[in-house]
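From a predicted model like this one, the values you see are computed outputs, not experimental measurements.
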Amino acid sequence: ASQKSHAQPKIDSLLNLITPEISDSLKAQYYSDIARLYNSNDSAIKYTLLSLDYYNVPEAILTAQNYYYLASNYYMIDESQAALKYLLTAIDIFKKNDSMLELARAYSMLGSCYEDFNNIDSALYYVNKSLEINIRQNDTAEMAATYCNLGRLNTNLGFYESAEDYFFM
């Protein structure tokens with residue numbers, strides 16, 4: 001609650017900027033910014049959907065980021081099927097825009113969704129795709145997170161030695 005109250009002045013300021021006179025794309029950006037300030041998944045989803053109402057250009061990065069953000073919020077409230085729908089759309093747009101770091105994060109989350117569906121082969125496939133991108137991009141923070149995901153997946157499969165290797169990379 002303290003983070004929400006800390007963010008509330010920023011949220012209020014952004015809401016005050018949204019007037020009928022400003023462009024729809026600017027409204028969309030403000031709503032997207034507001035969504036990211038909320039701790040509540042429900043509020044984040046609400047404002048992300050509002051952003052998409054004003055700006056849903058199929059090939060645009062903002063659209064992909066909004067779909068990714070919806071996916072992550074749905075995933076956090078254990079709605080993996082809804083997350084998967086938005087995530088696949090985000091991935092298509094990230095690919096078309098060659099947005100590799102965001103694509104890597106989306107692949108990692110896709111792996112987590114497939115893990116929730118007990119589709120471990122697909123989970124491993126997408127988490128490994130994420131790792132490949134992170135290595136090519138030399139993104140050490142994302143590499144570390146992806147190695148942990150691979151360690152967790154291997155632990156769940158009972159491959160403890162492989163899991164240990166990933167956890168200590």
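Taking 4.5 Å as the limit, every side-chain heavy atom of D42 sits out of range of all side-chain heavy atoms of K46. Within the 4.5 Å cutoff, side-chain heavy atoms of L110 are placed close to those of L88. R152 has its side chain within reach of E115: a pair of non-hydrogen atoms, C-beta onward, lies under 4.5 Å apart. Side-chain contact between Y166 and C148: absent, with no pair of heavy atoms (C-beta onward) separated by less than 4.5 Å.
Note that OG1 of T89 is 9.0 Å distant from CG of N56, once rounded to the nearest 0.5 Å. In this structure, OH in Y55 is found 11.5 Å from CG in L26, a value given to the nearest 0.5 Å. How far OH of Y68 is from CZ of R105: 7.0 Å, rounded to the nearest 0.5 Å. Interatomic distance, CG of L103 versus CG of D92, reported as 10.0 Å (0.5 Å rounding). Rounded to the nearest 0.5 angstrom, S112 OG and Y75 OH are separated by 4.0 Å. In this structure, T19 OG1 and I22 CD1 are separated by 5.0 Å, a value rounded to the nearest 0.5 Å.
The minimum heavy-atom distance linking G151 with A163 is given by the pair O-CB, 3.3 Å. Nearest heavy-atom pair, N97 versus E59, reported as atom, atom and distance to 0.1 Å: ND2-O, 2.7 Å. Taking every heavy atom of both residues into account, F94 and A64 meet most closely at CE2-CB, 3.4 Å.
At distances below 3.5 Å, not a single donor-acceptor pair connects side-chain atoms of S108 with backbone N or O atoms of A104. Of the possible polar contacts, none joining the Y31 side chain to the L15 backbone as a donor-acceptor pair under 3.5 Å is found. At least one donor-acceptor pair closer than 3.5 Å links the side chain of T63 to the backbone N or O of V57. Within the 3.5 Å criterion, the main-chain N or O of A28 finds no donor-acceptor partner in the side chain of S32.
N66 and S51 form a side-chain donor-acceptor contact under 3.5 Å, judged by distance and modelled atom types alone.
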Kindly determine whether I61 and E102 satisfy side chain to side chain contact (heavy atoms under 4.5 Å, CB included), including the steps that lead there. CA-CA 10 Å; I61 286 293; E102 291 172 306; 4.3 Å; yes

Kindly determine whether D33 and L37 satisfy side chain to side chain contact (heavy atoms under 4.5 Å, CB included), including the steps that lead there. CA-CA 7 Å; D33 293 344; L37 290 169; 5.6 Å; no

Let me see the working for N134 and T146 under side-chain hydrogen bond (donor to acceptor under 3.5 Å, both in side chains), right down to the final yes or no. CA-CA 8 Å; N134 290 325; T146 306; 3.1 Å; yes

Let me see the working for E132 and N128 under side-chain hydrogen bond (donor to acceptor under 3.5 Å, both in side chains), right down to the final yes or no. CA-CA 6 Å; E132 290 169 17; N128 275 303; over 6 Å; no

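Clustering of Ile, Leu, Val, Met, Phe, Trp and Tyr side chains at separations under 4.5 Å places L49 together with I45, L52, Y67, L70, Y74, I77, Y86, I93.
Cluster annotation: V127 and I133 are assigned to distinct hydrophobic clusters (Ile/Leu/Val/Met/Phe/Trp/Tyr, side-chain heavy-atom contacts under 4.5 Å, transitive). Transitive grouping of hydrophobic side chains (ILVMFWY, heavy atoms separated by less than 4.5 Å) keeps I34 and L62 in distinct clusters. Cluster annotation: Y107 is not connected to M76 through the hydrophobic network of ILVMFWY side chains, with a link wherever side-chain heavy atoms come within less than 4.5 Å. Cluster annotation: F167 and L153 are assigned to distinct hydrophobic clusters (Ile/Leu/Val/Met/Phe/Trp/Tyr, side-chain heavy-atom contacts under 4.5 Å, transitive). Linking Ile, Leu, Val, Met, Phe, Trp and Tyr residues whenever their side-chain heavy atoms come within less than 4.5 Å places I11 and I18 in a single cluster.
You'll find the ring centres of Y114 and Y126 inside the 6.0 Å limit.
With Y69 as the aromatic partner, R36 meets the cation-pi criteria of under 6.0 angstrom to the ring centre and within 45 degrees of the ring axis.
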